[in-house]
Amino acid sequence: MNKYLLFSVLFFVAYTTTAQNDSIRRVLDEVVIVADKKLKKNSKGYKIKTLNDSIILKNIESFTSLLRFNSLIYLKEYGAGGTSTASFRGTSSSNTAVIWNGININSVNNGQTGFNSLTVNTFDAIDIRSGGGSIEYGSGAVGGTIHLNDQLVFTQKNNIENQFVGSVGSFSTYNSLYKLKVSTNKIALKFGASYNQSENDYKLLGTNFKNFNGGYSNFNASFGFAYKFNSDTQLKFYSTRYVGKRLFSGELPNPTSANDKYRDLNNRNLLVYSSRKERVNYELKLAYLTQEYQFFDNKNSNEFSFGKSKRYLINYEFGYRFPSIKSTLTSYSEYESVFGKTDRIIEKNRRQFSQSFIYNQNVLNMFSFDVKFRKDFNSDYKVPYSYSFGIKSKALENISFRANGSRNYRVPTYNDLYWPGQGNINLIPETALQGELGGVFKNNNFKVDAAFFYISAKNKIVWTPNGDPNRPGVWTPINLSDTKNQGLELNFSFKKKYNMHSVNVNLNYSYTEAKNKKTNTFLIFVPKHLFNGSLGYSYKRFNLFYQQLFTGESFTIESNSKDFIIPSFFVANVGGDYEIFKNKKQEITFGFKINNVLNERYVTQPRRPMPNRNFNLNINYKF
């Protein structure tokens with residue numbers, strides 16, 4: 001009962017503080033300014049949440065933790081530091097697209113992004129966009145997109161900024177980050193390097209074991225450069241390299257049997273040339289991306305299995321603005337060639353050309369809408385047209401409304417088709433129709449956002465342990481005939497400042513029901529209830545915060561039986577920081593964080609307990 005009492009007390013304090021008009025500062029602020037301006041322009045009728053630098057730095061332990069406590073995305077994780085995948089609104093992880101500086105970086109082999117193979121603190125801001133209207137980034141993102149932004153900003157005066165972040169925590173965990181930004185009126189440069197490591201040998205609550213063979217380490221270096229030829233024309237270059245190693249921890253009842261190892265080696269390079277004038281703008285992107293993994297059955301051996309991919313991409317955007325009618329028409333033409341192979345699958349080459357059009361219109365300053373259309377020509381499949389529509393009303397008496405709908409598709413990945421002993425070459429592309437209706441109330445202190453969504457998918461590709469009756473217990477991909485996901489999302493935020501005191505409250509809740517229409521059974525790993533919230537308080541140089549997460553039970557096989565569920569769990573974190581020194585040129589902040597402060601025993605994947613109570617001390621130095 002103590003955890004429920006603590007939860008009730010903290011949020012009662014937040015409520016009474018709100019009622020008495022106490023105030024807020026920067027602790028865990030919900031930022032409403034979208035980091036990616038192009039994303040905002042082409043997202044009429046869609047919800048976007050931005051996580052800025054201050055939120056990211058309070059969740060530097062992993063990308064998974066950042067999203068789990070600050071969004072309504074469900075994260076499934078094979079133990080802390082293990083493989084981690086994301087799911088919007090009950091869709092599969094391959095229906096979530098990760099966009100790096102405007103290009104989709106999901107894996108060629110499995111169509112997903114492993115969120116523990118991304119270094120969270122090297123990005124300047126992260127945009128989370130719900131819904132299936134991201135046609136310009138590929139049509140497979142039925143649930144939503146996550147945008148990773150490296151910001152290159154020109155300044156009138158020469159400017160140099162440095163930042164160092166270091167932390168030490170339980171289980172021999174160390175995180176470090178260095179960022180450098182240099183800017184003039186012609187040049188913008190950014191460099192970042194991050195190194196993280198952990199023994200990750202936390203106690204498995206309720207047992208006599210520790211998380212055996214769970215250590216990890218990773219290094220990420222990123223570079224960005226921009227040159228302004230004139231007020232209209234710019235050249236930008238982005239590059240990043242990630243090298244990661246993690247040991248695969250064992251699962252109960254015999255975790256000490258684990259002895260395997262996994263390495264990630266990812267490179268991304270992007271060149272962007274753009275020109276933006278009063279009516280006409282165009283942008284050319286050239287990208288080269290590689291991904292490689294190595295899996296060792298024995299961590300002490302030099303023998304491994306592997307998977308490699310290379311991706312070449314060229315994208316040309318042309319836009320024309322019609323000032324007299326307050327509208328724009330934009331064309332996106334893209335060609336990509338993808339090569340993928342493993343030690344057991346010969347190299348395959350998939351080529352695709354896509355043509356998209358987006359029309360944006362503002363109507364009498366009362367509402368705005370956009371219409372999107374996309375057609376893909378794929379070397380392996382005949383794929384249908386995709387389209388989307390979104391509309392947003394202007395705020396009237398602090399109230400605005402939005403609506404959107406889209407038709408999406410996703411072709412099978414290489415693993416879906418060719419994985420030895422498990423792939424299914426008879427798979428066909430999945431298609432989905434989705435819609436959303438939402439409303440927002442907002443004033444100087446409060447914001448309330450409510451949305452209803454519905455997704456209907458045909459031939460949905462799902463990996464399931466009972467997909468092939470001839471191979472019971474073996475996970476294989478199949479096309480489900482028809483599925484539906486429907487639900488409700490609620491977001492509430494409050495912020496206010498009074499003299500030297502400030503308070504910030506953010507609450508997020510979603511209800512999702514995802515079923516196979518034919519069998520009326522629930523889809524796997526889709527919790528009905530997700531809730532997270534944060535309470536921040538600051539006084540002068542002191543800042544304190546509390547984070548709360550509740551995840552409802554979910555099924556591990558497609559069933560309505562309570563015999564196959566992951567139990568619900570309730571996890572809380574607390575932390576704070578103190579500004580030791582701050583002026584125009586330097587800032588030093590010292591902080592702490594206690595994760596899982598109530599020592600909750602929980603799992604997101606069967607037989608793989610998550611960490612017990614643990615501690616973190618950190619320092620953030622800007623100069």
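- A distance of 9.0 Å separates CG in Leu75 from OG in Ser65, rounded to the nearest 0.5 Å.
- At least one side-chain heavy atom of Arg129 sits under 4.5 Å from a side-chain heavy atom of Ser43.
- Tyr282 has its ring centre no less than 6.0 Å from the ring centre of Phe318.
- Checked by atom type and distance alone, the side chain of Asn315 never pairs as donor or acceptor with a backbone atom of Tyr332 at under 3.5 Å.
- The pair Glu430-Lys458 fails the salt-bridge criterion, with no side-chain N (NZ, NE, NH1 or NH2) lying under 4.0 Å from an Asp/Glu carboxylate O.
- Salt bridge status for Asp416 with Arg410: present, with a side-chain N to carboxylate O gap under 4.0 Å.
- At a threshold of 4.5 Å between non-hydrogen side-chain atoms, the residues Ser331 and Gln355 count as touching.
- For Asp370 (side chain) and Gln361 (main-chain N/O), no donor-acceptor pair under 3.5 Å exists by modelled atom type.
- In this structure, Arg407 is not positioned above the aromatic face of Tyr387 in the sense of NZ or CZ being under 6.0 Å from the six-membered ring centre and within 45° of the axis.
- Both tests hold for Lys308 against Phe306: distance to the six-membered ring centre under 6.0 Å, angle to the ring axis within 45°.
- For Glu283 and Arg276, the salt-bridge test passes: some basic side-chain N is under 4.0 Å from an acidic carboxylate O.
- Here the side chains of Thr483 and Lys515 are not in contact, with every heavy-atom distance at 4.5 Å or above.
- When all heavy atoms of Ile425 and Leu417 are compared, the closest pair comes out as CG2-O, 3.3 Å.
- Looking only at side-chain heavy atoms (C-beta outward), Asn360 and Asn42 come within less than 4.5 Å of each other.
- Scanning all heavy atoms of the two residues, the minimum distance from Leu480 to Asn516 falls at CD2-ND2, 3.8 Å.
- The backbone N or O of Ser71 lies less than 3.5 Å from no partner atom in the side chain of Asn508, so there is not a single donor-acceptor pair.
- In this structure, CG on Leu433 lies 8.0 Å from OG on Ser406, to the nearest 0.5 angstrom.
- In this structure, Arg89 satisfies the cation-pi test against Phe453, with its NZ or CZ atom closer than 6.0 Å to the six-membered ring centre and inside 45 degrees of the ring normal.
- Panel note: side chain Asn109, backbone Thr413; no donor-acceptor pair is recorded below 3.5 Å.
- In this structure, Ser130 OG and Glu489 CD are separated by 5.0 Å, a value rounded to the nearest 0.5 Å.
- Although no hydrogens or angles enter the test, the distance criterion places no donor-acceptor pair under 3.5 Å between the side chain of Glu436 and the main chain of Gly45.
- Remark: side-chain polar atoms of Asn349 are paired, donor with acceptor, to backbone N or O of Val338 under 3.5 angstrom.
- Between Lys484 and Glu513 there is no salt bridge, since none of the side-chain N atoms of the basic residue sits less than 4.0 Å from a carboxylate O of the acidic one.
- Under a 4.0 Å N-O distance rule, the pair Asp380/Arg350 qualifies as a salt bridge.
- Ion pairing between Arg311 and Glu336 holds under the 4.0 Å rule for side-chain N and carboxylate O.
- Ionic pairing of Lys382 and Asp376 is not present here: no N-O contact between side-chain nitrogen and carboxylate oxygen is shorter than 4.0 angstrom.
- Ring pair Phe550/Phe569: centre-to-centre distance not below 6.0 Å.
- Using a 4.5 Å heavy-atom cutoff, the side chains of Leu66 and Leu51 are in contact.
- At a threshold of 4.5 Å between non-hydrogen side-chain atoms, the residues Leu67 and Ile128 count as touching.
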request  = Mind running side-chain contact (heavy atoms from CB on, under 4.5 Å) on Asn218 and Asn116 for me, showing each step along the way?
outcome  = CA-CA 10 Å; Asn218 57 68; Asn116 281 338; over 6 Å; no
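- Thr83 OG1 to Gln605 CD: the interatomic distance, rounded to the nearest 0.5 Å, is 9.5 Å.
- In summary, the aromatic rings of Tyr385 and Phe373 are positioned with their centroids under 6.0 Å apart.
- Residues Leu148 and Thr122 form no side-chain contact, since every pair of their non-hydrogen atoms from C-beta on lies 4.5 Å or further apart.
- Among all heavy-atom pairs drawn from Gln422 and Pro477, the shortest one is O-CD, 3.0 Å.
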message = Does Lys517 form a side chain to side chain donor-acceptor pair (under 3.5 Å) with Ser456? I'd like the steps, not just the answer.
response = CA-CA 9 Å; Lys517 287 184 180 181; Ser456 177; 3.3 Å; yes
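- Two rings, from Tyr288 and Tyr312, have their centers less than 6.0 Å apart.
- Closest heavy-atom contact between Pro527 and Ser554: N-CB, 3.7 Å.
- Minimum interatomic distance between Ile48 and Lys40 (heavy atoms only, all atoms of both residues): CD1-CA, 4.2 Å.
- Closest approach of Gln352 and Asn378 over heavy atoms only: OE1-ND2, 2.7 Å.
- Arg68 and Glu77 are joined by a salt bridge, as a carboxylate oxygen and a charged side-chain nitrogen come within less than 4.0 angstrom of each other.
- Between the side chains of Asn101 and Lys236, no donor-acceptor pair is found at a separation under 3.5 Å.
- Glu317 pairs in a salt bridge (Lys or Arg N to Asp or Glu O under 4.0 Å) with only one of the listed residues (Lys38, Lys41, Lys285), which is Lys38.
- Remark: the backbone N or O of Ala125 is paired with a side-chain donor or acceptor of Asn149 at under 3.5 angstrom.
- For Lys261, there are no side chain to side chain donor-acceptor pair (under 3.5 Å) partners two or more places apart in sequence or in a different chain.
- Taking the six-membered ring wherever Trp is involved, the centroid distance between the rings of Phe304 and Phe296 falls below 6.0 Å.
- Within the structure, every pair that satisfies the ring pair (Phe, Tyr, Trp, His ring centres under 6.0 Å) test and touches residues 87-119, not counting sequence neighbours, is listed here: Phe63-Phe115.
- Proximity of a side-chain donor or acceptor of Thr342 to a complementary backbone N or O of Ile345 within less than 3.5 Å is detected.
- Taking the ring axis of Phe525 as reference, the NZ or CZ atom of Lys76 stays within 45° of it and closer than 6.0 Å to the ring centre.
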request  = Let me see the working for Val243 and Arg241 under side-chain contact (heavy atoms from CB on, under 4.5 Å), right down to the final yes or no.
outcome  = CA-CA 7 Å; Val243 179; Arg241 176 173 175 80; 3.8 Å; yes
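- You'll find the ring centres of Tyr511 and His529 inside the 6.0 Å limit.
- Distance check, rounded to the nearest 0.5 Å: OH of Tyr320 to OG1 of Thr328 gives 12.0 Å.
- Between the side chain of Asn485 and the main chain of Thr512, no donor-acceptor pair closer than 3.5 Å is present.
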query = When you look at Tyr238 and Leu152, which way does the side-chain contact (heavy atoms from CB on, under 4.5 Å) test go after all the steps?
reply = CA-CA 10 Å; Tyr238 303 93; Leu152 296 170; 3.7 Å; yes
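- A salt bridge links Arg246 with Asp264; the closest basic N to acidic carboxylate O contact falls under 4.0 Å.
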query = Given the rule in the ring-ring contact (aromatic ring centres under 6.0 Å, His included) test, do Phe522 and Phe555 qualify, once you have shown the distances and angles that lead to the verdict?
reply = CA-CA 7 Å; Phe522 289 100; Phe555 292 90; 5.4 Å; yes
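- Leu289 contributes atom CG, which lies 8.0 Å from atom CG of Leu270 (distance to the nearest 0.5 angstrom).
- A donor-acceptor pair under 3.5 Å is absent between the side-chain atoms of Ser356 and the main chain of Arg374, judged by distance alone.
- No side-chain heavy atom of Asn110 sits less than 4.5 Å from a side-chain heavy atom of Trp419.
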